[in-house]
Amino acid sequence: IPQKLIRNFCIIAHIDHGKSTLADRFIQRARVVEDRLFQDQILDSMDIERERGITIKSQAVTVPFESKDGQLYHLNLVDTPGHVDFSYEVSRAISSCEGALLLIDASQGVEAQTLANLYMAIEHDLEIIPVINKIDLPSADVEGVLEQIEHDLGLPAEDAVKISAKNAIGIDELLETVVERIPAPTGDYDAPLKALIFDSHYNTFRGGIMHCRLFDGVIRPGDDIHMLATDRVFNVEEVGRFRIGFEACEELQAGQVGYIVAGIRTITDIRVGETVTHRDRPCAEALPGFREVKSVVFSSIFPVDANDYNELSAAMEKLQLNDASLFFEKDSSAALGFGFRCGFLGLLHLEVIQERLEREFGLSIVFTAPSVSYRIDLSNGESITVTNPQDFPAQTEIERTYEPFIKATLITPSEYVGNLISLCTEKRGNQLDMIYLDSKRVELVYEMPLSEVLYDFYDRLKSLSRGYASFDYEVIDVRETDLVRLDILLNGQPVDALSMLVYRPNAAFRARAVCKKLREEIPRHQFKIPIQGAVGSTIVARETISALRKDVTAKCYGGDISRKRKLLEKQKEGKKRMKMVGNVELPQKAFLSVLKSG
Ligand code: GDP
Ligand code: MG
């Protein structure tokens, strides 16, 4: 395929503005899937994406398009996630493209991630086509959005294309615009191979599979390739393109996007962001790669059944191959045994990993309370980074503590400004700016501690603005704080996995919330269980679970052995999701609800 007939572009937008729906229309329009097999949000292939209706992974697909000019174009499009936790996925998708469709919901207008995504696309020099979606809605305000495109985004409004992804209005015009406006790739076929790995996944039969964008050269099965960063050599077994699924082909050329199978069994041999070239004719220098991802939330994962540790370990490696932003290392806990300390890009990312471990690998796991990364200056002059409450030094050794701060950008209809200002103030926010974007919308800019937005911030923001406010953030620096470790004691025994690092003035409040949650989640035992929250030796909260009186089998009197057995089996089944801590059974749910109790 000549490069002038190729277009590589991504679809970017705030969450729910219709990216996946538009990708559906492109795929249907190209008739690459039979109608009876088609399902909505077809690129969202993970169960969890379908259930939650959100895109987590960027997904590439190549569709043919016959333009008015009579030429058959190959459009390689990438659907991207919209949630702030997954902006790393967007940045990688962007680096495999020459252009971007920036979608804006005609009834919502420009929102926080619309801006964040726009900046990312500008940074990578992409040609940006503003697209107003959902023009079918009665509440659509196309004129208003056109003004926002000029004013908020600084893009010429006359460039905007108006569509309804849902009702398939304007799709052909949009595809023509893509062909006209987005530049064709301009790689050199004859130069040494230079390909960027922008994603990867694991296949049980074929090993690690690389998703690549070729910038120069050609790659074919049988080639010996050299991975520059890891300095490993592999023989190419298969190359192909992304259709719905994978389609092998004879070669991939400069300008194209596709996959490479090379019998890679050791997962760490594939590194997202790295450059692939030929062994015998290498390129002069590596591609710039990606900015390093910085985990912002840390938590430990433990198998509920200690025997599952090896399985968990294998699962983590496979997940990491498909999610380059997941970080982990070994960890152990007195209460929970061996597990992994993990870094995530946010709480939603954490939840997604948890669900994927459970669903894709059938594992039963518990997470410990999430923490941000703290800097601590010790009285001996040293400075350490602590992400795990287990590593928190004794108060007497601490000189000063620092916590990460973010710059948060909120966009809201003006009637909710008051609500949001109170929320941000409560979360220790400091207002930097308040801008009237137009007569109806306000942009608020705050500095806040990252730890404050981790818990219920997003949900509260949504409920205080009836779902209309949007939020984006970036970590800016660290500031001095007053940090303590809150320990949770069950039956007088501290449970290391439930400890958390908190801002001292919030300690008692947090402790009460956790103790109360635990009281609700822990089943009664034969004995009374006190639950306490402690900072050092000071008890700051307390609840009690009273003792159980009845034996569960007592009511099946007499000889009905089979019924009795059934009841006991059922109890055993329930225990699979329990963790013994000292002599107390802690249900998996208890860990989760502690995690969520803001
Ligand atoms: P994404 O988060 O950007 O991928 O958005 P989705 O494609 O998942 O769409 C979010 C919601 O908006 C879904 O309920 C879609 O059915 C709906 N939607 C998408 N495009 C349109 C449109 O053109 N008109 C209307 N009325 N709804 C749409
Ligand atoms: Mg989507």
Side-chain angles (χ1 to χ4, degrees), residues 9-29 33 38-61 63 77-94 97 100-118 120-121 128-142 144-146 149 153 160-175 177 244 346 348-349 351-352 411 458 462 466-472:
F9 65 97
C10 51
I11 309 176
I12 55 177
H14 192 79
I15 196 159
D16 275 348
H17 283 205
K19 296 174 291 293
S20 299
T21 309
L22 178 61
D24 283 354
R25 289 301 86 74
F26 286 163
I27 291 163
Q28 268 182 328
R29 167 76 179 61
V33 189
F38 194 84
Q39 41 179 350
D40 285 345
Q41 269 100 23
I42 191 162
L43 292 181
D44 288 343
S45 51
M46 283 193 274
D47 288 346
I48 149 168
E49 293 182 306
R50 307 199 69 87
E51 263 163 45
R52 295 189 175 209
I54 55 166
T55 307
I56 294 164
K57 286 284 301 170
S58 289
Q59 224 38 268
V61 61
V63 297
L77 66 102
V78 192
D79 181 21
T80 65
H83 192 279
V84 52
D85 277 16
F86 305 121
S87 66
Y88 180 62
E89 284 285 322
V90 182
S91 76
R92 288 187 295 148
I94 280 178
C97 297
L101 303 183
L102 179 63
L103 253 60
I104 303 152
D105 183 325
S107 68
Q108 301 286 327
V110 168
E111 297 197 70
Q113 268 91 46
T114 316
L115 288 169
N117 284 324
L118 170 74
M120 226 187 288
I128 298 158
I129 302 178
V131 178
I132 305 180
N133 186 29
K134 308 197 189 183
I135 56 169
D136 60 290
L137 287 176
S139 54
D141 173 16
V142 175
V145 175
L146 282 169
I149 289 175
L153 306 184
V161 183
K162 296 156 214 154
I163 67 162
S164 162
K166 191 166 166 193
N167 299 348
I169 300 168
I171 304 300
D172 276 14
E173 292 85 325
L174 180 55
L175 286 169
T177 312
I244 303 301
L348 180 62
H349 187 210
E351 273 180 50
V352 164
I411 297 184
Y458 190 72
K462 284 292 172 191
R466 299 177 172 226
Y468 283 112
S470 59
F471 160 69
D472 191 58

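FYI, the numbering just counts along the sequence from 1. For the numbers below, each heavy atom of this structure counts, side chains included, while hydrogens, waters and symmetry mates do not. Ligands are counted one by one from 1 in listed order, and the atoms in each one are counted from 1 as well.
Residue-ligand proximity, Ser164 to ligand 1, at heavy-atom distances under 4.0 Å covers atoms 22 (C), 23 (O), 24 (N). Using a 4.0 Å cut-off to heavy atoms of Leu137, the atoms of ligand 1 that qualify are 26 (N).
Nearest heavy-atom pair, Ala116 versus Asp472, reported as atom, atom and distance to 0.1 Å: CB-OD2, 3.4 Å. Minimum interatomic distance between Ser107 and Leu137 (heavy atoms only, all atoms of both residues): OG-CD1, 3.6 Å.
Considering only non-hydrogen atoms, atom 17 (C) of ligand 1 lies nearest to Lys134 out of Arg25, Lys19, Lys134.
Residue contacts with ligand 1, taken as heavy atom pairs separated by less than 4.0 Å, involve Asn133 solely via side-chain atoms from C-beta onward. Only the side chain of Asp136 comes within 4.0 Å of ligand 1, counting heavy atoms alone; its backbone N, CA, C and O stay farther away.
A heavy-atom distance below 4.5 Å is not found between the side chains of Ile163 and Ile132.
Ring planes of Phe471 and Tyr458: tilted class, angle from 30 to 60°.
For ligand 1, the polar-atom distance check against Ile135 finds no nitrogen or oxygen pair separated by under 3.5 Å. Taking any N or O of Ile15, backbone or side chain, none lies under 3.5 Å from an N or O belonging to ligand 1.
Checking Asn133, Ile171, Asp79 one by one against Leu22, the side-chain contact (heavy atoms from CB on, under 4.5 Å) holds for a single residue, Ile171.
Under 3.5 Å, the side chains of Glu111 and His17 contain a donor-acceptor pair of N or O atoms.
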